[in-house]
Amino acid sequence: MNKEIIKIQDLKREFTMGNETVHALKGISFTIKEGEFVTIMGSSGSGKSTMLNILGCLDQPTSGTYEIDNVSVKDLSRNELATIRNEKIGFIFQSYNLLARTSAIENVELPLLYNSKVSTEERRKRAIKALKMVGLGDRLDHTPAQLSGGQQQRVAIARSLVNNPVMILADEATGNLDTKTSYEIMSLFQDLNKQGITITFVTHEPDIATFSSRTVVLKDGNIIQDTINNNIQSAAVELAKLPNENH
Amino acid sequence: MRLLNLFKIAFKAIILNKTRTLLTMLGIIIGVASVIAMLAIGEGSKESIRSTISSMGSNMITIRPGADSRGPARGSGGDVQTLVFKDYEEIKNNTKLINYITPVVNGGGQVINGSNNWPSTIYGVNPDYLKIKVVDLQSGSMFTDNDVKTASKVALIGQTVVDNVFPDGREPVGQMIRFNNIPFKVIGVLEEKGENTFGQDQDDVVIAPYTTVQKRILAIDYLNQIMASAISEDDAPDAVVEVTDILRSQHKLSLAEEDDFSVRSMEELISTFSSTSEMLTILLVAVASISLLIGGIGIMNIMYVSVKERTKEIGLRMAVGGKGADILMQFLIEAILISLTGGLLGVILGLGATVFIEKFLNWPTSVAIYSIIVSFAVCAITGIFFGWYPARKASALDPITALRYE
């Protein structure tokens, strides 16, 4: 039985806008176990982004509990949340969010700069290792401007891996990429998942979900579907099937 | 370790925006450079005044008659005859803080040598005079106490007098001159001193025993002034008090009465002049400080723009674990680095400007170490003060909003 990394119990999130209270999440419960590859899907307004913010410890629930790696997030201070993000979560964004004019290796080192337990040598070593894992071992000193979109996203993935998080949280990570590059990135995610890394992937593209092991669908702040995918497609195989001129 | 990392991050950000950083620094650079140059000019002129006055004898004390408020009308100091030879003797016999003292009588007249003549001033003094005024002789020798006792008709003359009455370049020592038709034998020539701070030619003088001048030229029995020199510069203020006490008891002045003489030390003169130039320095520094302030506002402006521009970066840094305090420190360090680097460049530019002023404008300058330390401290404070607000703003950002910021 795998360890439960994420435990969510009756989680609600409300926003007050003027006199109106918006119920973004209306009492959600689910768990994510170590080694899972979960896609969270939903159209806009479904509460997907709110879910992502809470999962990423950028926001806190109004009620209910959220535990990550056995730490209850509900009553943590701003600084304690930052530490959780630093040590337990790896973020990947749709627009990569790399620091401009900064080399790949320095971009990857960034999360470790905020962790005083990691020495300079250790930081460099781990950044190189992460970049090798995403296949950019030969592009350490390239700046984002010298890299393609797919490569930039790989740097971002390396950055999310560098702090050895309990979970990688990807927000529309393939949204800015063409189909071929998307499949390359998904293939990389699948490889990482096979190495035991837990991935939560927020997307609205249904084909992405076919590469994951489980799909959670949100609608109007409720989970309307939570299914284990018994027929996981291989992104590498799909990539090979693509017609050649598409690149 | 954490601070060192933040330092690296801030340094990186500055390096990435070289041109902008340099332009931002410009205000600070100019501000600091002008503060240092202005202080160097002020300090330099103060020192040059001090040294000119010191060359006139820094321990010198002059006692003049006057400041007499008795009677219906105040006469000018020169007309008053309250200072007499007895006063000189009293001071000489009772002082502990004075090592040289001379009575002084002086009057104008015509110096004549053959067909050459020149209007000058004759000073009747005793041999202590040279020690008090710190003058050496170019040639010849000073008259003696015996010359004073016998009222010998001997004189020493300054270079201006030599130039005018001995235009043919003859050695004056041993020659005869006449002052107001009284013949004097020239026994020495005074060393050249040039103009003093007030533009007076110090070489346009004839020096003779006071007895001779008193009796044969001026026909007076009072003194125009008494000159003395304190044992050391530090003793001068006390010596002024001592002389005042001696003269008050000698003149039998009651407590209610004002002094009928005045005692001045060079020290007072120096401080009067210094305070004038200090005032000027303060004004110069005030102007320079304003440019430093404007430089500081420039930093705040650029930091503010920088925070706005890097909102997304701040969001990312927060998402990957940067705490509010980390972000605050990052921007604060950035501001301080800019202002300190600007300060350093400013110091270098200021020192360069000082050398330039000294070399090409021939103004006396003197760089005070404190001015460098102070400008540096001011730069650091400027950085903290003007960097604080933008940094605070950055650290208070909500990571979610910052990440979505376009």
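Here is how names work: the chains are called A, B, and so on, in the same order as the sequence lines, proteins then strands, and each is numbered from 1. These values consider heavy atoms only, across backbone and side chains, with no hydrogens, waters or symmetry-generated copies.
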Short question: side chain of B:Asn5, backbone of A:Leu113 - any donor-acceptor pair under 3.5 Å? yes

Is the shortest side-chain heavy-atom distance between B:Leu316 and A:Arg159 below 4.5 Å? yes

Yes or no on side chain to side chain contact (heavy atoms under 4.5 Å, CB included) for B:Leu403 and A:Leu58, after CA distance, side-chain angles and deciding distance? CA-CA 10 Å; B:Leu403 271 171; A:Leu58 292 164; 4.1 Å; yes

Kindly check if the number of other-residue, nucleotide or ligand heavy atoms within 6.0 Å of CD (A:Gln195) is above 12? yes

Can you tell me how far apart CG (A:Leu99) and CZ (B:Arg310) are? Round to the nearest 0.5 Å. 9.0 Å

Flag if over 12 foreign heavy atoms under 6.0 Å of CZ, B:Phe11: no

Please check if the number of heavy atoms outside A:Lys132 that lie under 6.0 Å from its NZ is greater than 12. no

Quick one: closest heavy-atom pair of B:Gly322 and A:Ala82, and the distance? O-CB, 4.1 Å

Inspect the surroundings of NZ in B:Lys12 and state if more than 12 heavy atoms from other residues, nucleotides or ligands are less than 6.0 Å away. yes

Is there a side-chain contact between B:Asn17 and A:Arg101 (heavy atoms, below 4.5 Å)? yes

Strictly distance-based, threshold 3.5 Å: is any side-chain N or O of A:Arg78 a donor or acceptor partner for the main-chain N or O of B:Lys323? no

Note: B:Lys312 and A:Ser95 closest approach over all heavy atoms is NZ-OG, 3.4 Å

In terms of heavy-atom contacts, does CZ of B:Arg392 have more than 12 from other residues, nucleotides or ligands at under 6.0 Å? no

Below 4.5 Å, heavy-atom pairs only: which of B:Ile9, B:Leu16, B:Asp326 has the largest tally toward chain A? B:Leu16

Proximal component of A:Glu106, with respect to chain B [non-hydrogen, under 4.5 Å]: side chain

Side chain to side chain contact (heavy atoms under 4.5 Å, CB included) assessment of B:Val320 paired with A:Arg85: CA-CA 6 Å; B:Val320 300; A:Arg85 291 197 295 271; over 6 Å; no

More than 12 foreign heavy atoms under 6.0 Å from CZ of B:Phe385: is that the case here? no

Counting only non-hydrogen atoms closer than 4.5 Å, does A:Leu52 touch chain B with its backbone (N, CA, C, O), its side chain (CB onward), both, or neither? side chain

B:Phe376, CZ atom: more than 12 neighbouring heavy atoms under 6.0 Å: yes

When you compare the side chain of A:Leu81 with that of B:Met318, does any pair of heavy atoms fall below 4.5 Å? no

Between B:Arg317 and chain A, with a heavy-atom cut-off of 4.5 Å, which part of the residue counts as in contact: side chain, backbone, both or neither? both

Which atom pair, heavy atoms only, marks the closest approach of B:Ala319 to A:Phe93? CB-CZ, 4.1 Å

